[in-house]
Amino acid sequence: MISDSRLESLAESAKIELIGKDKVSFKKDLDKLIKSFDILKDVETTDIKPMINVHDYRNVFRDDKVENNDYNKNQEVALRNAPNKKEGFILVPKIME
Amino acid sequence: MDYAKMTALELASKIRNNEISAVEVTKAQIKYIKEQEDRLSCFITLLEDEGLKRAYEVQERIAKGDYKDSPLAGVPMAVKDNILTKNIRTTCASRMLETYIPSYNARVIDKLEDAGAIILGKLNMDEFAMGNSSESSYFGPTRNPFNTDHVPGGSSGGSAAAVAAGEVFYSLGSDTGGSIRQPSSYCGVTGIKPTYGTVSRNGLIGFASSFDQIGPIAKNVSDATAVLDIIKGYDSKDSTSIAREYDSYTSALTDDVRGMKIGVPKEFLDSPMNSQIREQFDKVIKVYRDKGATVEYVDFQTSDYIIPTYYILTSAEVSANLSRFDGIRYGYRSPDAKNLEEIYFKSRAEGFGDEAKLRILLGSYVLSSDNYDTYYDKALRIRRLISNEFDDFFSNYDILLGPTSLFTAFNFNAFLNSPVEKYADSDNKYTIIANLIGSPAMSIPCGYDEKGLPIGMQLIGRKFGEKDIIRSAYSLEKEITS
C-alpha cells in the first residue's frame with residue numbers, strides 16, 4: 001500500500017500539487033497498478049541485459065555547426081509561446097529573497 | 001460527386017487526370033466536415049482557410065506538371081494533434097498546450113507537403129496519447145461514426161473516426177501500445193504501426209519514446225501503404241531513426257500468401273472474445289489456409305509479462321518526457337502561482353488531466369531510487385526476455401495473427417471510475433507486443449458484430465517485415481471485401 005507520505009513525496013518529485021480528492025483516487029489506482037506488477041517479481045533475470053531500446057544504436061555525432069536554423073533565429077517566434085514575457089525575456093516571479 | 005466514399009488513390013488519380021480539381025474536392029470536404037463535426041468531433045483544429053489556400057497552390061502545381069511521382073497529391077488529409085505543424089496550433093489534446101503554436105514542422109509533415117498533401121486540420125486524441133478511448137481529451141471526446149454512443153478507440157480516435165466518416169481520405173496517428181491499430185479496428189479502417197525507427201519521430205510530442213511510432217490510417221491497405229511510402233525513411237534529426245534501404249512498400253501489394261507461415265497465439269483459443277470476433281477470426285484463418293499459407297497455434301511463455309512490463313517502462317518514459325512542461329517557456333502557467341515552485345506545482349496540477357498525472361506518478365514511483373531495481377531495471381530485462389522469445393518466433397514465422405481487440409468499441413464512460421480496470425479489461429497484450437519488440441503491425445477491418453460495430457484483425461511482422469504484413473493484409477482484404 002502506498003502511504004500518504006509516499007504519495008506526497010512522489011507528487012513532490014513529479015512537481016504536481018495534489019488536492020484532497022486526487023489523493024484518494026491516485027492512491028487507489030497506484031496501488032492496483034503496482035500490485036499488477038507482482039507477476040514480474042519472480043522472473044529470473046540475473047543474466048539478462050537490460051533492453052533500453054529495440055535496436056542496437058550507436059551514438060550519433062555531427063559537427064558542431066548550425067544548419068537549417070530558420071526556426072530559432074527569430075526571437076519573436078522563439079518566445080511566442082512563453083506564458084509571460086517582457087522585452088525579449090521570459091518573465092518569472094522573483095527567485096531571490 | 002460523392003467524394004467521401006472514394007479512396008485516396010482513386011481520388012488522386014482523378015485529380016491527376018483533370019477529372020476533379022483539388023480545390024473542388026477540398027471545398028466539398030470542408031463543407032462535409034462541418035456537417036459531420038457536431039455529431040463526431042474528430043477535429044480539434046479545422047484549417048478551413050489555410051486548407052483551401054493550400055488546395056489552390058497544389059492544384060496549380062499539379063496543372064504545371066509537378067508532383068508527378070506523388071500518388072496522393074491533391075488529396076485532403078488530417079493529422080493527429082501530437083504531431084507538430086508549423087504555425088498551426090498543436091495541443092496534444094491537453095490544457096497544457098491549449099494555445100501552443102509550433103515553430104517548425106514534424107519531419108512527416110514536411111514529407112507529406114512535399115508529396116502534395118492538403119492538410120485540413122488537427123485531430124482529437126487521448127491527452128498526450130495516453131488512453132484507448134479518446135475520452136481523456138481536454139476538448140471532449142470524439143464519437144464513433146458507426147454508433148455515436150460508442151467510443152472511437154484511442155488514442156488516435158480522431159484520426160480513425162475522421163477517415164471512417166469520410167471527412168478526410170487518410171490521416172496520421174501515433175502508436176505506443178496500439179494507439180493506431182485499436183481505433184482503426186473500432187472504426188472499421190486500416191492502420192499501420194511501422195517498425196520502430198522507420199518513420200521519423202522528429203516533431204512527434206513524446207509519450208514513451210522507445211515505443212512511439214507515427215503511422216498512417218486509411219480506407220484500405222493500398223492507401224495506407226501509399227502513405228507509409230511517403231513518410232518512411234531515415235532522418236538525421238531523429239537519432240533512433242534507422243538508416244537503411246527502404247524499398248517501395250507498394251510493390252508488396254500482391255494477392256499471394258502461398259508458403260507464408262502464420263502463427264496464432266494459442267491463448268486466443270480460450271480468451272474471452274466477443275463471439276462475432278471469434279467467428280471472423282476463424283474465417284480469416286480459413287482464408288489464409290485456403291490461399292496456401294500455413295497457420296499454426298503457438299504458445300508464448302512470456303506473454304503474461306507484456307502488460308506489466310509495458311506499464312512500468314512507458315510510465316517511466318512519460319514521467320521523464322512530461323517533465324519539460326514546467327509552465328516557464330511555453331505551455332500552461334497557472335495564474336495563481338506566486339513563486340517559482342508554485343509555477344511548477346500548480347501549472348502541472350491544472351494543466352495535466354488525471355490520466356497523465358497518474359502515469360507521471362507511477363513513473364516517478366518505478367524510477368525512485370528504492371524501487372529502480374525492483375521495477376524499472378527488472379522491466380528492462382524482461383523486455384529483452386519477451387523480445388528474445390518473439391524474435392525466435394519470427395525466425396520461424398512471417399506473421400503473428402489475431403484480433404486487434406477482443407471486443408468491439410465500448411460505450412462512453414464504461415470505465416469512468418477506474419482507469420486501472422480500463423487497462424486490464426480493454427488492453428490487448430498482442431497490440432502492445434509490437435511496440436515492446438519494435439515490430440511492424442497492422443489492423444484491417446473484418447466484418448461487424450451484432451450491433452453493427454466494426455471488427456479488426458491484426459497482423460504483426462518481424463522487424464522491417466512491413467512487406468509481409470502488407471502482402472498478407474492485401475490478400476485478406478481481397479477476400480473479405482469482394
Side-chain angles (χ1 to χ4, degrees), chain A residues 2 6-7 9-19 22 25-41 43-55 57-60 62 67-68 70-72 74 77-84 90-95, chain B residues 86 99-101 103-104 196-197 210 236 239-240 242 304-305 307-309 311-312 319 323 326-333 337-340 343-346 348-349 352 354 357-358 360-362 364-365 368 374-375 377-385 387 418-420 423-424 437-438 463:
Chain A
I2 295 241
R6 187 66 209 252
L7 183 69
S9 82
L10 286 178
E12 174 71 30
S13 57
K15 299 222 180 295
I16 297 174
E17 184 178 82
L18 297 182
I19 55 166
D22 290 347
S25 70
F26 283 136
K27 231 165 76 172
K28 196 182 83 197
D29 290 339
L30 284 171
D31 275 336
K32 276 198 210 162
L33 281 165
I34 292 161
K35 201 162 171 11
S36 77
F37 301 154
D38 283 351
I39 184 176
L40 303 183
K41 284 207 171 123
V43 181
E44 177 52 50
T45 54
T46 323
D47 297 326
I48 308 291
K49 265 174 40 189
M51 186 177 178
I52 307 289
N53 223 316
V54 298
H55 302 297
Y57 288 107
R58 307 213 185 295
N59 271 332
V60 180
R62 64 170 174 80
E67 49 180 79
N68 184 25
D70 60 324
Y71 49 79
N72 278 336
N74 183 330
V77 172
L79 288 180
R80 73 177 162 194
N81 289 297
N84 200 353
I90 294 167
L91 214 58
V92 292
K94 201 164 74 172
I95 295 167
Chain B
K86 186 174 180 172
T99 60
Y100 180 70
I101 315 276
S103 56
Y104 69 100
Y196 186 80
S210 78
S236 61
S239 58
T240 60
I242 298 287
D304 285 341
Y305 309 148
I307 291 178
T309 301
Y311 275 102
I312 291 172
S319 71
S323 65
D326 57 6
I328 305 286
R329 295 150 300 150
Y330 57 86
Y332 176 81
R333 184 187 288 186
K338 292 186 189 62
N339 55 44
L340 192 64
I343 290 186
Y344 302 145
F345 281 86
K346 287 187 188 295
R348 290 166 66 79
F352 290 133
D354 285 345
K357 285 183 207 168
L358 177 63
I360 292 171
L361 291 169
L362 183 62
S364 306
Y365 181 83
S368 60
T374 320
Y375 295 107
D377 183 75
K378 187 86 182 176
L380 287 175
R381 291 168 197 266
I382 294 175
R383 187 179 193 182
R384 186 177 302 279
L385 273 181
S387 195
S418 179
V420 180
Y423 307 153
I437 64 176
K463 287 189 199 75

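A, B, ... follow the sequence lines: proteins, then strands. Residue 1 opens every chain.
- Interface check for chain A: of the options T240(B), L385(B), L340(B), I343(B), the most heavy-atom pairs under 4.5 Å are formed by T240(B).
- Contacts between K338(B) and chain A at a heavy-atom distance below 4.5 Å involve the backbone alone (N, CA, C, O).
- Here I16(A) is the residue among D22(A), I16(A), V60(A), I2(A) with the most heavy-atom pairs under 4.5 Å with chain B.
- To the nearest 0.5 angstrom, I307(B) atom CD1 is 12.5 Å from I312(B) atom CD1.
- In the model, S368(B) has a side-chain atom that pairs as donor or acceptor with a side-chain atom of R6(A) under 3.5 Å.
- Looking at S236(B), neither its backbone nor its side chain comes within 4.5 Å of chain A, counting heavy atoms on both sides.
- Salt-bridge formation is not detected for the pair D31(A)/K27(A): no Lys NZ or Arg NE/NH1/NH2 atom is positioned less than 4.0 Å from an Asp or Glu carboxylate oxygen.
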| Stepwise ring-ring contact (aromatic ring centres under 6.0 Å, His included) check, Y375(B) with Y365(B) | CA-CA 9 Å; Y375(B) 295 107; Y365(B) 181 83; 5.7 Å; yes

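- Taking the six-membered ring where the residue is Trp, the centroids of F37(A) and Y311(B) are separated by 6.0 Å or more.
- For a residue to count as touching a neighbouring chain, one of its non-hydrogen atoms must lie under 4.5 Å from one of that chain's; by this rule L40(A) touches chain B with backbone and side chain alike.
- For S387(B), the part lying under 4.5 angstrom from a heavy atom of chain A is the side chain only.
- Most heavy-atom pairs under 4.5 Å with chain B: of the set N84(A), I52(A), I95(A), I34(A), this distinction falls to I34(A).
- At a 4.5 Å heavy-atom cutoff, the contact between I437(B) and chain A is made by backbone atoms alone.
- Residue contact with chain A, scored on non-hydrogen atoms closer than 4.5 Å, involves the backbone and the side chain of D354(B) alike.
- By the 30° and 60° cut-offs, the orientation of the rings of Y196(B) relative to Y57(A) is perpendicular.
- Proximity to chain B involves both the backbone and the side chain of K41(A), based on heavy atoms less than 4.5 angstrom apart.
- Highest contact tally toward chain B, considering only A11(A), S25(A), S13(A), S9(A), is held by A11(A) [criterion: heavy-atom pairs under 4.5 Å].
- Defined by atom type and a distance below 3.5 Å, a donor-acceptor pair is present between the side-chain atoms of T45(A) and K378(B).
- For a residue to count as touching a neighbouring chain, one of its non-hydrogen atoms must lie under 4.5 Å from one of that chain's; by this rule R62(A) does not touch chain B.
- Side-chain contact check for S323(B) and R348(B): no donor-acceptor pair (N or O, by modelled atom type) lies under 3.5 Å.
- Salt bridge annotation for K32(A)-D29(A): absent, with no cationic side-chain nitrogen under 4.0 angstrom from a carboxylate oxygen.
- When the candidates L7(A), L91(A), L18(A) are compared by the number of heavy-atom contacts under 4.5 Å with chain B, L91(A) comes out ahead.
- With respect to chain B, the highest number of heavy-atom pairs below 4.5 Å among L79(A), N59(A), I39(A) belongs to I39(A).
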